[in-house]
Amino acid sequence: MFQTIHEWFWWHRIWLPVNLTWADLEDKDGRVYAKPSHLYITILYAVVFLIVRHVFERLIATPVAKCFGIKDTVRLKAVQNPVLEKYFCSNSKNPTQSEINGLSKKCNWSERQVERWFRRRRNQERPGILKKFREASWRFTFYLSAFIGGLVALYDKPWFYDMQQVWDDFPKQSLMESQYWYYIIEMSFYWSLLFRVAFDVKRKDFREQIVHHLATLLLLGFSWFANYIRIGTLVMVTHDASDVLLESAKMFNYAKWTTACNLLFVLFALVFFITRLIIFPFWLIHCTWVYPVQRFPAFFGYYFFNVMLVVLQLLHIFWAYLILCMLKKFLFGNLVGDERSDHEEEEDVSDSAEDEGHGKVRNGAAAVGDAAVDSQCNH
């Protein structure tokens, strides 16, 4: 059965134009072609990326953060309360007023105490600013290196400037060493992002990020299998251009360098709109839709590749909407951070004063009182 599935999946009529088989893409006459087996190494390199990232964040990103004066704020922890903890994990992190009223009766706490407990408990799960800076600095370092490396590898190629030449000699385009490493490194990096997505800072577009990583890996993988190498490298360069500016803007935002952050964000928005909403759909997608069918009848791989590019473009439109929302706030002077971020909730002044007052008056006896309340909640 597996052999049948394997043969069906790799049937050349699915992935390649008519009158072309996988045998035509075997290395010969000095030509070297991309092979699916080459991509197995990306999983190993993804693990290497995770190790390098850990070392980078510890030995480089953290000292740089200290130079910027970045450090995590000290948060007040929620007291241990099994009843509220169970409700927080199983039911809701943001209970309604009626639910707070019921929990306060169950725990013999005031509604204000229950509200404060949930606020502090939610804040405990939010990532600190140091963690955000480390992640942004790692992605900035990679995107900058990849973008520069991509330009160096492609700048002297005639098809880098002429979309028509992207399809010259397709699909028998020989694989260059620079293209090989560009693909391997980019795919390894996106695999590492996918492996870490559950542990990195979660934002409002968490699901869209997963879809983006999967769509990117599918696109790169398919373009490798079917020898769409030229268009694949152009897609990667186009994406890296704006990502560099986004991550650098985040870094300055966490460092409270407001002017530099705002300038970089405006520059990022400009580059994003040009590369993702103009160049990507009207040059690259147009290139993949129009030029292939001028030379070959349409086939499944042609439709699959273009559908995935359209999915990626829909994600670009979604993120463009978020960027426009942030630009609106920026122009009206209300931009305070990443529109996708889950912001930390501030303690009420009265809460802090109450905590301070209790700390002065109650030391020994208060601890017994707290233990009694917890004991009531346990039952």
Side-chain angles (χ1 to χ4, degrees), residues 40-75 77 123-153 178 180-203 205-206 209-210 212-213 216-217 220 236-237 239-265 267-268 337-338 340-344:
Y40 294 147
I41 196 67
T42 60
I43 303 298
L44 176 60
Y45 284 158
V47 177
V48 174
F49 264 115
L50 292 175
I51 297 173
V52 173
R53 172 179 174 174
H54 178 76
V55 175
F56 175 88
E57 291 183 352
R58 292 283 182 177
L59 302 182
I60 298 178
T62 300
V64 171
K66 291 181 179 179
C67 293
F68 279 111
I70 296 175
K71 57 182 179 180
D72 284 330
T73 56
V74 179
R75 294 171 176 168
K77 293 185 177 181
N123 281 338
Q124 284 179 213
E125 290 201 341
R126 293 188 173 94
I129 191 171
L130 181 58
K131 177 179 174 63
K132 293 180 179 180
F133 182 88
R134 287 173 176 172
E135 291 185 11
S137 60
W138 164 249
R139 289 192 294 267
F140 166 77
T141 302
F142 173 82
Y143 288 133
L144 179 61
S145 303
F147 180 63
I148 294 175
L151 291 179
V152 171
S178 59
Y180 171 85
W181 285 110
Y182 195 26
Y183 258 84
I184 296 299
I185 291 174
E186 286 273 357
M187 289 193 69
S188 301
F189 177 73
Y190 277 104
W191 274 121
S192 71
L193 289 183
L194 195 61
F195 294 157
R196 282 277 307 182
V197 70
F199 306 98
D200 288 342
V201 176
K202 292 185 179 180
R203 305 184 187 276
D205 61 347
F206 175 74
Q209 285 183 344
I210 295 179
H212 174 267
H213 296 339
T216 301
L217 288 168
L220 294 179
M236 288 188 287
V237 170
H239 282 69
D240 290 340
S242 59
D243 289 337
V244 173
L245 297 169
L246 174 62
E247 300 304 332
S248 59
K250 288 181 183 179
M251 293 169 61
F252 283 111
N253 177 50
Y254 301 143
K256 306 299 182 184
W257 289 31
T258 306
T259 302
C261 172
N262 291 342
L263 290 175
L264 284 170
F265 177 74
L267 184 59
F268 155 74
D338 191 342
R340 306 173 301 155
S341 297
D342 186 17
H343 300 293
E344 184 169 348

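Below, each value reflects all heavy atoms present in this structure, side chains not excepted, and no hydrogens, waters or symmetry copies.
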(request) Take L194 and Y190 through the test side chain to side chain contact (heavy atoms under 4.5 Å, CB included) and record every step on the way to the result. (result) CA-CA 6 Å; L194 195 61; Y190 277 104; over 6 Å; no

(request) Given side chain to side chain contact (heavy atoms under 4.5 Å, CB included), test M236 with L220 step by step and report yes or no. (result) CA-CA 9 Å; M236 288 188 287; L220 294 179; 3.7 Å; yes

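Counting only heavy atoms from C-beta outward, the side chains of V237 and Y182 approach each other to under 4.5 Å. In this structure the side chain of M187 reaches within 4.5 angstrom of the side chain of L217, judged on heavy atoms. Looking only at side-chain heavy atoms (C-beta outward), R139 and D243 stay at 4.5 Å or farther from each other. The shortest side-chain heavy-atom distance between H239 and F147 does not fall under the 4.5 Å cut-off. Side chains of W138 and I60 form no contact here, defined as non-hydrogen atoms less than 4.5 Å apart. L59 is not listed as a side-chain neighbour of P63, based on a closest heavy-atom distance of 4.5 Å or more. Using a 4.5 Å cut-off on side-chain heavy atoms (C-beta onward), W191 and S188 make no contact. Residues L264 and M251 fail the side-chain proximity criterion, which asks for heavy atoms closer than 4.5 Å.
Listed here is the closest heavy atom pair of I70 and I129: CG2-CG2, 3.9 Å. Taking both residues in full, the closest heavy atoms of S192 and L50 are given as O-CD2, 3.7 Å, listed atom of the first, atom of the second, then distance.
Salt bridge K250/E247: present, at least one basic N to carboxylate O contact under 4.0 Å.
Judged as a side-chain hydrogen bond (donor to acceptor under 3.5 Å, both in side chains), not a single pair has a partner in residues 141-151 (not counting sequence neighbours). Among residue pairs with one or both ends in residues 45-56, those qualifying as side-chain hydrogen bond (donor to acceptor under 3.5 Å, both in side chains) are R53-E57, R53-D200; sequence neighbours excluded.
Side-chain rings of F49 and F195 stay apart, their centers remaining 6.0 Å or farther from each other.
Rounding to the nearest 0.5 angstrom, the gap separating the CG atom in L246 from the CG atom in L267 is 11.5 Å. Interatomic distance, OG1 of T42 versus CD1 of I185, reported as 12.0 Å (0.5 Å rounding).
Formation of a donor-acceptor pair under 3.5 Å by the S137 side chain with backbone atoms of R134 is found in this model.
Residue F252 forms a ring pair (Phe, Tyr, Trp, His ring centres under 6.0 Å) with just one option from F133, F268, W257, and that option is W257.
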